[in-house]
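Here the structure comes first, spelled out in structure tokens, and everything after it is commentary.
Heavy atoms only: backbone and side chains are in, while hydrogens, waters and symmetry mates are out.
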Amino acid sequence: MSATAPPPGPLSGRCIAVPESRELDVFAALLERRGAEVLRCPLVDIRDAADPAPVLAWLEQFNAGGCDDLLLFTGEGLRRLLGAIDQHRPAWRARFVQRLSDVRIVARGPKPGRVLRELGLRPSIVVEPATTAGMITCLASIDLRGRRVGLQLYGSDPNTVLTTFLAEAGAQVSPVAPYRYADAADDQAVLAMLERMRQGAVDAIAFTSLQQVERLSKLAAAQAEGTSLKEALAGTLVAAVGPLVAEALARHDVHVQAIPAGSYYMKPLAQALIDALSR
């Protein structure tokens, strides 16, 4: 007696491009379980800061009581700070965790809180929407005069908009960049994915970071001189994991057709893709 074939998933017959790298296997498996063909093309890799010395200097200052507030932009950033301690100064870890419990922590969205919970901690404030503008709106209601504010940056972007706001509010800003972005898939693999899109063989692409957007924009222009990202994605449904990525796409005049509602993780993104493609 033959086994009954499983019913087709909601993404059966759909090809979805996934430029994610860090959680590529997790996200790809979510889509494949729903029947999709996944075109894996990680655009950006996340690596430790090229020089650990500035990160260790910031950690030493933080452990010595050099911050009253800590602005955490990403869970990845906090993990990388802990990783720098474990790799270079393991004796500092207990003091670092203690200092985290002492300062006021302002988290951009929920992801830093997930890492803090692993340490038995939680943020003092969670900022929504999880954007720089949202962070500034939140901080505008707080007296920052004379406050020593540690700022964990998003990659190596100096975030001059936020640092200027903090300085004008009277804070002393101490930024740290514990990780950086680098190219992942080679250019030819990315160009091959763009060609499949041009031929109409890709139903959707799901962006999970603004660095993915910028790299794909540059390679689209290189593939055919003057081609915009909007033109390259014209025949493909575009999904974004959250508002920050959607804003990056909007700067290239790309309309996002699928975005999770309020919970910016892989599983809600997969559901947003199902909903948009079913329409």
Nearest-0.5 Å distance, [atom1] of residue [X] to [atom2] of residue [Y]:
X: Phe165; Y: Met135; atom1: CZ; atom2: CE; answer: 10.5 Å
X: Thr227; Y: Arg198; atom1: OG1; atom2: CZ; answer: 10.0 Å
X: Asn159; Y: Ser156; atom1: CG; atom2: OG; answer: 11.5 Å
X: Leu81; Y: Leu100; atom1: CG; atom2: CG; answer: 8.5 Å
X: Leu71; Y: Leu153; atom1: CG; atom2: CG; answer: 10.0 Å
X: Ile16; Y: Leu31; atom1: CD1; atom2: CG; answer: 5.0 Å

Evaluation steps, side-chain contact (heavy atoms from CB on, under 4.5 Å), between Leu72 and Val115: CA-CA 11 Å; Leu72 291 177; Val115 184; over 6 Å; no
Cut-off 3.5 Å, side chains only: do [X] and [Y] have a donor facing an acceptor?
X: Gln61; Y: Ser174; answer: yes
X: Thr164; Y: Glu168; answer: no
X: Glu214; Y: Ser217; answer: no

Does the side chain of [Y] come within less than 4.5 Å of [X]'s, by heavy atoms?
X: Glu128; Y: Pro110; answer: yes
X: Leu237; Y: Leu273; answer: yes
X: Tyr154; Y: Gln211; answer: yes
X: Tyr265; Y: Arg114; answer: yes
X: Gln257; Y: Val238; answer: yes
X: Thr131; Y: Arg108; answer: no
X: His252; Y: Lys230; answer: no
X: Glu118; Y: Arg79; answer: yes

side-chain hydrogen bond (donor to acceptor under 3.5 Å, both in side chains) partner of Asp68, the single match among Arg148, Arg147, Arg104: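 Per the side-chain hydrogen bond (donor to acceptor under 3.5 Å, both in side chains) rule, the option paired with Asp68 is Arg148, out of Arg148, Arg147, Arg104.
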Shortest non-hydrogen contact between [X] and [Y], atoms and distance:
X: Leu194; Y: Ala232; answer: CD2-CB, 4.1 Å
X: Arg196; Y: Glu37; answer: NH2-OE2, 3.5 Å
X: Leu39; Y: Cys15; answer: CB-SG, 4.2 Å
X: Ile205; Y: Met193; answer: CD1-CE, 4.3 Å
X: Glu20; Y: Glu23; answer: OE2-N, 2.7 Å
X: Ala206; Y: Leu269; answer: CB-CD2, 4.1 Å

Candidate list Leu249, Val254, Val190, test side chain to side chain contact (heavy atoms under 4.5 Å, CB included), partner Leu216, passing option: Val190
Residue among Cys67, Pro123, Pro112 satisfying side chain to side chain contact (heavy atoms under 4.5 Å, CB included) with Ile105: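 Of Cys67, Pro123, Pro112, side chain to side chain contact (heavy atoms under 4.5 Å, CB included) with Ile105 is met by Pro123 alone.
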Taking [Y] as the starting point, is it possible to reach [X] by hopping between hydrophobic residues whose side chains are less than 4.5 Å apart?
X: Leu139; Y: Leu244; value: yes
X: Val256; Y: Met197; value: yes
X: Val97; Y: Val176; value: yes
X: Leu30; Y: Val245; value: yes
X: Leu82; Y: Phe73; value: no

Within 6.0 angstrom of Arg145 CZ, more than 12 heavy atoms from elsewhere: no
Pairing of Glu76 and Arg80 as salt bridge, 4.0 angstrom limit: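 Yes, this pair counts.
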Stepwise salt bridge (charged side-chain N to carboxylate O under 4.0 Å, His left out) test for Arg215 and Asp187: CA-CA 10 Å; Arg215 186 177 180 212; Asp187 289 356; 2.7 Å; yes
side-chain contact (heavy atoms from CB on, under 4.5 Å) evaluation trace for Asp253 with Ser228: CA-CA 9 Å; Asp253 294 322; Ser228 68; over 6 Å; no
Expected output: side-chain Gln152 to main-chain Thr74 donor-acceptor under 3.5 Å: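 Answer holds: yes.
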Main-chain N/O of Asp48 paired with Arg180 side-chain donor or acceptor, under 3.5 Å: yes
Aromatic plane relationship, Tyr179 with Tyr181 - under 30° parallel, 30 to 60° tilted, over 60° perpendicular: perpendicular
Criterion side-chain contact (heavy atoms from CB on, under 4.5 Å) on Arg22 and Thr208, from CA distance to verdict: CA-CA 10 Å; Arg22 182 182 50 178; Thr208 53; over 6 Å; no
Steps toward side-chain contact (heavy atoms from CB on, under 4.5 Å) verdict (Leu59, Arg89): CA-CA 10 Å; Leu59 285 164; Arg89 301 289 190 274; over 6 Å; no
